[in-house]
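Take a look at the structure set out below.
Each chain gets a letter, A, B and so on, in the order the sequences are listed, and its residues count up from 1.
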Amino acid sequence: MDQSEPRQTKSSDRRDLETMRHSAAHVMVAAVQRLFPGTKLGVGPTVEHGFYYDMEVPRPLTSDDLPVIEAEMHKILAERPEFEREEMPIETAIDYFRAHGQDYKVELLSDLKERGTTRVTSREDMDVDPGNRTSATMYRTGEFVDLCRGPHVPSAGRIGPFKLLSVSGAYWRGDEHRPMLQRIYGTAWFTREQLDHYLWQLDEAERRDHRRIGRDLGLFMFDEEVGPGLPLWLPNGTVLIEELERLAKETEERAGYVRVRTPHVAKESMYLRSGHLPYYAESMFPPMELEGVRYYLKPMNCPHHHKIYAAQQRSYRDIPLRLAEYGTCYRYEKSGELFGLMRVRSLQMNDAHIYCTLDQIEDEFLAVCRMYLGYFELFGIDQYLMRFSTHDPNQLGGKYVDQPELWKKTEEIVRRALDHGRINYTETAGEAAFYGPKIDVQVWSAIGREFTLATNQVDFAVPERFGLTYVNARGEHETPICIHRAPLGTHERMIGFLIEHYAGAFPLWLAPVQAVVLPIADRHAPYAEEVGGRLRARGFRAHVDTRRENLNHKIRDAQLQKIPYMLVVGDRELEAGTAAVRLRSGENIGTISVDDLLARLDAERGQRQHAALDTALGHSDNA
RNA sequence: GCCGACGUAGCUCAACUGGCAGAGCAGCGGUUUUGUAAACCGCGGGUUGGGGGUUCGAGUCCCUUCGUCGGCUCCA
């Protein structure tokens, strides 16, 4: 994600840092081996801010073990061992590790030898060199020997300040059917200041965590009896939802969408037709049976929308047809995957399905991308990654529908749309949906977890299953292409993300409470109510704090609630028909008339309509 | 789902090796009528997540179940 590397870091420094962290990982695992003889090594790459090592330890580790391991690491460092490099034939290395009971290393080397690079992942290529199938490189640090490509710092004395952060389970080679190893995460830096800065950032991230802010600002809650992953939206959070929906509806209306509404359940037969059953069944809530018919909670809206499309004869003149719905879906996420609002079991999706011809896809797809970019501009989101996912030709007929020419064609169209729109993206093969290529917008939560925030997918397979057609200009039936898109993702994830993005200080148009009027003494309450009433009459969400507390107290509470405008009214303001305006930044903009205040608020609230939405609608290009 | 940790008042946290469940904030009642980040006094508040067990005695030890957290797997 962002920030925590020193700003001036050059790429060579960056490499040195990675080298040093990788060496730290070696020292860590050497310490674990000393403390827990019989430890078997997995792999231990560096990651964004540090390193980890996976290993099989005789007993499960707990966080209490980390200080002990750190102490052992310091002992090793005090011995100042050299990192000695040694190259040997691959068979010799296999024999060595087999003799030492290092089964995982044996497996890595055997794979490399027998199958070449096919099973070596990026996590593993720090251990073995996929390009070299005949010899292996070993590093010796004191009595500790590990398979490793290197490079390493020459001496362990070069390892900078470090800290072990957490311990957890991790499947060997990321496969849930294989053994679970113990993973220790750590971080290491050149200087103590950098380490402290990073640790401070971790604390800061915790303060931005949407789960904490969500509670403090009264946005949402969970209840054990309602069920895990089923958020309850409190009044303040509901304002966020409704403002986002208003934004979406205005934008989509102007972009030529029509709105529909569909039920939350449907019969089994529809999901057999759509292909969700049985393939998606494990992500769906189990069926409920009524009068011998099985119904499912909908995990997505597309089948319902397809039915609406199919309900009447469509002409080429009718399309693109863009059906939009903030649809509520239910997905049975595994219990361990739930995470605050970011990963839930009931979700409201900014969904729409665009039915169009092959010729129209490019424009439609680009228009959707512009819509994202407009939203992101509006929110000031600049830390994101657009990921273009294409199919893997080797999996046609399996993971992917067997229509090679359509894959090729639609992928080209998407690529051209992205290039034409001058949109930056990375391309990943083998990550497409089974029905077509897609773009995902990746963002990171405050604690650094990656999420797909929005998605835009081409579907050239499912419309056929639903028998969707349109009559072309020659009077023939043709199957339309469908674009699935959710530029604002789901309310749950988008709001979870925005909470962290703004650290709870939402822009005026989105803020659950936009202004609070603070009467200094009881005698100012009627005037305060009058000011509040005028704001509300103008469509602002304004409260009046008439508690018998002093001003400092009311200010503090309003600050903690991150209310954009605090309007202090006392004798002077009452007299003059004004309010003393304090912003949540702490800035005091002085005393202004209520009329001026309303004008200012109008202008600020109106910002959401301007440039960003023009981008969303592609107006800036045409203008 | 898997590995590990953690569940004490609305929130943040106490309670030494098993020995009378406590504090601050919030809430409520009263006093104060206040000018830009916490006025003062008082009061209520808990089946220590649920269930079972060990023990003279369990917040503390054991089992089980639910939930949460850190990862893994998976995903909007």
Side-chain angles (χ1 to χ4, degrees), chain A residues 52 54 56-57 59-65 165-185 206 209 211-212 215-216 218 221-225 227-229 280 282-283 299-300 327 329 331-344 347-351 438 440-443 447-455 457 484-494 496-497 518-525 547-560 566-573 580-584 586-588 591:
Chain A
Y52 68 78
D54 288 349
E56 187 183 301
V57 190
R59 70 155 171 85
L61 299 173
T62 77
S63 51
D64 294 339
D65 293 316
L165 298 174
S166 65
V167 55
S168 65
Y171 298 112
W172 168 235
R173 299 193 123 175
D175 183 342
E176 62 180 320
H177 303 296
R178 308 215 55 190
M180 179 157 272
L181 309 183
Q182 303 279 309
R183 173 175 297 182
I184 301 178
Y185 280 96
E206 221 167 286
D209 192 311
R211 292 165 295 186
R212 165 188 289 269
R215 189 185 58 227
D216 291 348
M221 59 173 276
F222 289 91
D223 180 272
E224 268 194 39
E225 262 187 347
Y280 200 75
E282 70 167 24
S283 296
M300 4 192 113
C329 300
R331 297 182 182 178
Y332 196 82
E333 305 292 349
K334 292 187 206 163
S335 56
E337 294 165 345
L338 300 174
F339 173 62
L341 280 183
M342 301 295 210
R343 192 75 181 273
V344 292
L347 41 117
Q348 303 164 70
M349 212 185 305
N350 172 225
D351 213 355
K438 64 173 180 175
D440 291 317
V441 183
Q442 303 301 111
V443 296
I447 62 169
R449 205 178 293 182
E450 182 177 340
F451 287 99
T452 300
L453 189 63
T455 187
Q457 314 182 345
H484 308 242
R485 44 111 277 179
L488 292 174
T490 63
H491 279 321
E492 287 72 18
R493 190 169 288 179
M494 179 58 69
F497 176 79
L518 308 176
I520 288 173
D522 284 353
R523 65 178 177 281
H524 309 123
R547 291 175 304 165
R548 288 168 61 90
E549 294 289 351
N550 63 38
L551 183 61
N552 278 333
H553 195 106
K554 294 178 182 178
I555 297 257
R556 178 182 153 82
D557 286 349
Q559 285 288 152
L560 292 176
M566 283 157 265
L567 311 172
V568 177
V569 297
D571 290 331
R572 300 196 290 270
E573 289 76 18
V581 181
R582 176 191 164 108
L583 307 180
R584 71 185 154 198
E587 189 190 352
N588 224 312
T591 299

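Taking 3.5 Å as the limit, the base of rA76(B) and the side chain of R485(A) contain no donor-acceptor pair of atoms between them. A donor N or O paired with an acceptor N or O is not found under 3.5 Å between the base of rA76(B) and the side-chain atoms of T452(A). Under 3.5 Å, the side chain of R211(A) and the base of rC69(B) form no donor-acceptor pair of N or O atoms. Judged by atom type and distance alone, E224(A) does not reach the base of rG50(B) through any side-chain donor-acceptor pair under 3.5 Å. Checked by distance alone, R449(A) brings no side-chain donor or acceptor within 3.5 Å of a matching partner on the base of rC75(B). A donor and an acceptor atom sit less than 3.5 Å apart, one in the side chain of E333(A) and one in the base of rA76(B).
Residues R523(A) and D571(A) form a side-chain contact, since some pair of their non-hydrogen atoms from C-beta on lies under 4.5 Å apart. Counting heavy atoms from C-beta on, the side chains of T591(A) and E573(A) come closer than 4.5 Å. A 4.5 Å side-chain heavy-atom check between R178(A) and R173(A) finds at least one atom pair inside the cut-off.
rA5(B): Watson-Crick or G-U partner is rU68(B), with both key distances under 3.5 Å. A 3.5 Å limit on both hydrogen-bonding distances identifies rC28(B) as the Watson-Crick or G-U partner of rG42(B).
Across rG70(B), rU36(B), rA76(B), the shortest atom-to-atom separation from the side chain of S166(A) is found for rG70(B). The listed nucleotides are rC3(B), rG70(B), rU68(B); the one nearest the side chain of F339(A) is rG70(B). You'll find that the side chain of Y171(A) is closest to rC2(B), out of rG71(B), rC2(B), rC75(B). Nearest nucleotide to the R215(A) side chain, out of rC11(B), rA37(B), rC74(B): rC11(B). Side chain of K334(A), nearest nucleotide from rG35(B), rU36(B), rG1(B): rG1(B).
When heavy atoms are screened at a 4.0 angstrom cut-off, N552(A) is found touching the sugar-phosphate backbone but no base atom. As judged by a 4.0 angstrom heavy-atom cut-off over every strand, D64(A) is placed among residues making no nucleic acid contact. At the heavy-atom level, E225(A) lies nowhere under 4.0 Å from the strands shown.
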(request) List the steps, then state whether side-chain hydrogen bond (donor to acceptor under 3.5 Å, both in side chains) holds for Q442(A) with T452(A). (result) CA-CA 5 Å; Q442(A) 303 301 111; T452(A) 300; 2.7 Å; yes
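rU34(B) atom P lies 8 Å from atom CG of D571(A), rounded to whole Å. Rounded to a whole Å, the CZ atom of F451(A) is 12 Å from the P atom of rA76(B). Atom P of nucleotide rU32(B) and atom NZ of K554(A) are separated by 16 Å, given to the nearest angstrom. E176(A) places its CD atom 14 Å from the P atom of rC72(B), with the value rounded to the nearest Å. One atom, CD of E587(A), and another, P of rA37(B), lie 14 Å apart when rounded to the nearest Å. Look at CD1 on I520(A): it is 7 Å from P on rG35(B), rounded to the nearest Å. H553(A) places its NE2 atom 14 Å from the C1' atom of rU36(B), with the value rounded to the nearest Å.
A donor-acceptor pair is defined here as one N or O able to donate and one able to accept, closer than 3.5 Å; such a pair exists between the side chain of R331(A) and the backbone of P299(A).
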